[in-house]
Amino acid sequence: MVVTDKKTELIYCVKIQPVEIDDFNRITKKRYSFDWKEEKGQELYKLQRLDSSEILGLVSFEYIPEEWRIHIRLLTVSKENKGSKKQYENIAGNLITYVSKLAIKEYAELACVSLKPKESIARHYMVKYGMNKTGKTLSVELPEILNLIKTYDHD
Amino acid sequence: MIDKNLNLVEVEDSEYGVDSRYESKINRMADGEALMEARLRRMKNVSGELIVKGKLLQLKFKMEEYLLDTDSDNECKFTDFLSQYIDMLYDKRSHFSEDIDITPVLLSQILNNHRQPSEEFMLRLMVHSENAFLNVCSFQKKSWYQIYYQEKINKMMSNQGEWRSKVAKHVKMINPSNL
């Protein structure tokens, strides 16, 4: 997986790994939008460039095995990477794809990753990541997940 | 294919601070029920080919996970993965044995751990997998070999109690400081 520097157009390989205890001191609400300590006990992952310890994005999620589904609880890029002035492209796309790969590993063709964002930003996820809309819930299933993997996963 | 460079009128914070947590378990279950209905409807339009792609991806990810997990165990992962691989691609295992030009009996012996796979078998499996994964995802040629030997290493390390004392009788220890 890679991110692209918007200014230089340089491409950097990234890694996605579980958040460690020591990370909680630096994933502050000011920079990462939430009090991530509340997510201790949930599946919680960070995205970093391979050559840097800076955390560019975070995601927490929960497995719902009885529905062959993973539900994304919180998702954010770092403050420097929000909106049109972002430094890197594809942070959220990589995080969503990573969760989708975990869903495939667990549930194969039945895999589903869901997200329930505010109505005002739902369209962004539908257009950019091919998400389906059911009520207020957005989801990617097998066909969309295969597309995400093709687009974002270069392993 | 998803267009990563869509020229959207993006909501400024669309990927910053997305809170998607359910307020209660009841909410989650209600959403899950509606979502499941919609998923089942959509699933009807998913082709058999895509379903096999999903299964192959799952197998690939599980094989990768096994290779990263260095904890010793006694499971027969090679034959587990091989059985899954064959069963997702064929209705009958004998058809797979035909395709790689071995007898159904030999395949059965390998799958039941009554016989070790020969090098010829491993090479044919490697070539078969290259074709199967061709339009799905990248698949390391060496994966089956790695799984096979990883399993051997794991078994050997976890069964030290069984072989160590017998082996140690044949090994003389020389203290390097006395040399």
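First the proteins, then the strands, lettered A, B, ... as listed; each starts at 1.
The cationic group of Lys105(A) does not satisfy the cation-pi geometry with Phe61(B), failing either the under 6.0 Å distance to the six-membered ring centre or the 45° limit from the ring axis.
In Asn113(B), the CG atom is crowded: over 12 heavy atoms of neighbouring residues, nucleotides or ligands sit closer than 6.0 Å. Around OH of Tyr90(B), the count of heavy atoms belonging to other residues, nucleotides or ligands within 6.0 Å exceeds 12. More than 12 heavy atoms of other residues, nucleotides or ligands lie within 6.0 Å of NZ in Lys133(A), so this atom counts as buried by the packing criterion. Heavy atoms of other residues, nucleotides or ligands lying less than 6.0 angstrom from CE of Met29(B) number 12 at most. Within 6.0 Å of atom NZ in Lys136(A), 12 or fewer heavy atoms from other residues, nucleotides or ligands are found, so the atom counts as exposed in its surroundings. At most 12 non-hydrogen atoms from other residues, nucleotides or ligands lie less than 6.0 angstrom from NZ of Lys29(A). Around atom NZ of Lys40(A), more than 12 heavy atoms belonging to other residues, nucleotides or ligands sit under 6.0 Å away.
In this structure, OH on Tyr22(B) lies 4.0 Å from NE2 on His71(A), to the nearest 0.5 angstrom. Taken to the nearest 0.5 Å, the CD atom of Glu15(B) stands 6.5 Å off from the CD1 atom of Ile96(A). Ile149(A) CD1 to Leu57(B) CG: the interatomic distance, rounded to the nearest 0.5 Å, is 5.0 Å. Rounded to the nearest 0.5 Å, atoms CG (Asp31(B)) and CD1 (Ile64(A)) are 9.5 Å apart. Taking CD from Glu66(A) and CE from Met36(B), the interatomic distance works out to 8.5 Å, rounded to the nearest 0.5 Å. Summarising the geometry, atom CG belonging to Leu35(B) is positioned 6.0 Å from atom OG belonging to Ser114(A); distances are rounded to the nearest 0.5 Å.
The two residues Gly54(B) and Leu142(A) have their closest heavy-atom pair at CA-CD1, 3.7 Å. Smallest separation of non-hydrogen atoms from Gly17(B) and Ser33(A): CA-OG, 3.1 Å.
A single hydrophobic cluster is seen to contain both Met157(B) and Val167(B), as judged by linkage of ILVMFWY side chains at heavy-atom distances under 4.5 Å, directly or through other members. Hydrophobic clustering of Ile, Leu, Val, Met, Phe, Trp and Tyr side chains at less than 4.5 Å, counting indirect connections, keeps Leu95(A) apart from Phe34(A). When hydrophobic clusters are built by joining Ile, Leu, Val, Met, Phe, Trp and Tyr residues whose side-chain heavy atoms come closer than 4.5 Å, directly or via intermediates, Val105(B) is not grouped with Leu111(B). When the side chains of ILVMFWY residues are joined at heavy-atom separations under 4.5 Å, either directly or via intervening members, Leu58(A) and Ile70(A) end up in two distinct hydrophobic clusters. When the side chains of ILVMFWY residues are joined at heavy-atom separations under 4.5 Å, either directly or via intervening members, Tyr145(B) and Ile86(B) end up in a single hydrophobic cluster.
For the salt bridge (Lys or Arg N to Asp or Glu O under 4.0 Å) test with Glu62(A), the passing option among Arg21(B), Lys25(B), Arg28(B) is Arg28(B); the others fail.
Using a 4.5 Å cut-off between heavy atoms, Ser78(A) touches chain B through its backbone atoms (N, CA, C, O) alone. For Glu38(A), the part lying near chain B is the side chain, with the backbone staying farther off; criterion is any non-hydrogen pair under 4.5 Å. Of the two parts of Thr134(A), only the side chain, counted from C-beta on, holds a non-hydrogen atom closer than 4.5 Å to a non-hydrogen atom of chain B. Heavy-atom distances place no part of Lys118(A) under 4.5 Å from chain B, backbone and side chain included. Both the backbone and the side chain of Glu67(A) come within contact range of chain B, with heavy atoms under 4.5 Å apart. Using a 4.5 Å cut-off between heavy atoms, Leu115(A) contacts chain B through both its backbone and its side chain. The part of Glu65(B) that comes within reach of chain A is its side chain, from C-beta onward, which places non-hydrogen atoms under 4.5 angstrom from that chain.
When the candidates Val136(B), Ile51(B), Val46(B) are compared by the number of heavy-atom contacts under 4.5 Å with chain A, Ile51(B) comes out ahead. Ranked by heavy-atom pairs under 4.5 Å with chain B, the list Pro143(A), Gly135(A), Cys112(A), Pro117(A) is led by Cys112(A).
Looking at heavy atoms from C-beta onward, Ser20(B) lies out of side-chain contact with Leu75(A) at the 4.5 angstrom threshold. Between Leu74(A) and Asp19(B) the shortest side-chain heavy-atom distance falls below 4.5 Å.
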Problem set entry | Worked verdict on Glu109(A) versus Lys55(B) for salt bridge (Lys or Arg N to Asp or Glu O under 4.0 Å) | CA-CA 6 Å; Glu109(A) 74 274 21; Lys55(B) 287 178 192 284; 3.1 Å; yes
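The closest donor-acceptor contact from the side chain of Tyr125(A) to the backbone of Ser14(B) lies under 3.5 Å.
Of residues 37-45 of chain B, those residues lying under 4.5 Å from chain A by any heavy-atom pair are Ala38(B), Arg39(B), Arg42(B), Met43(B).
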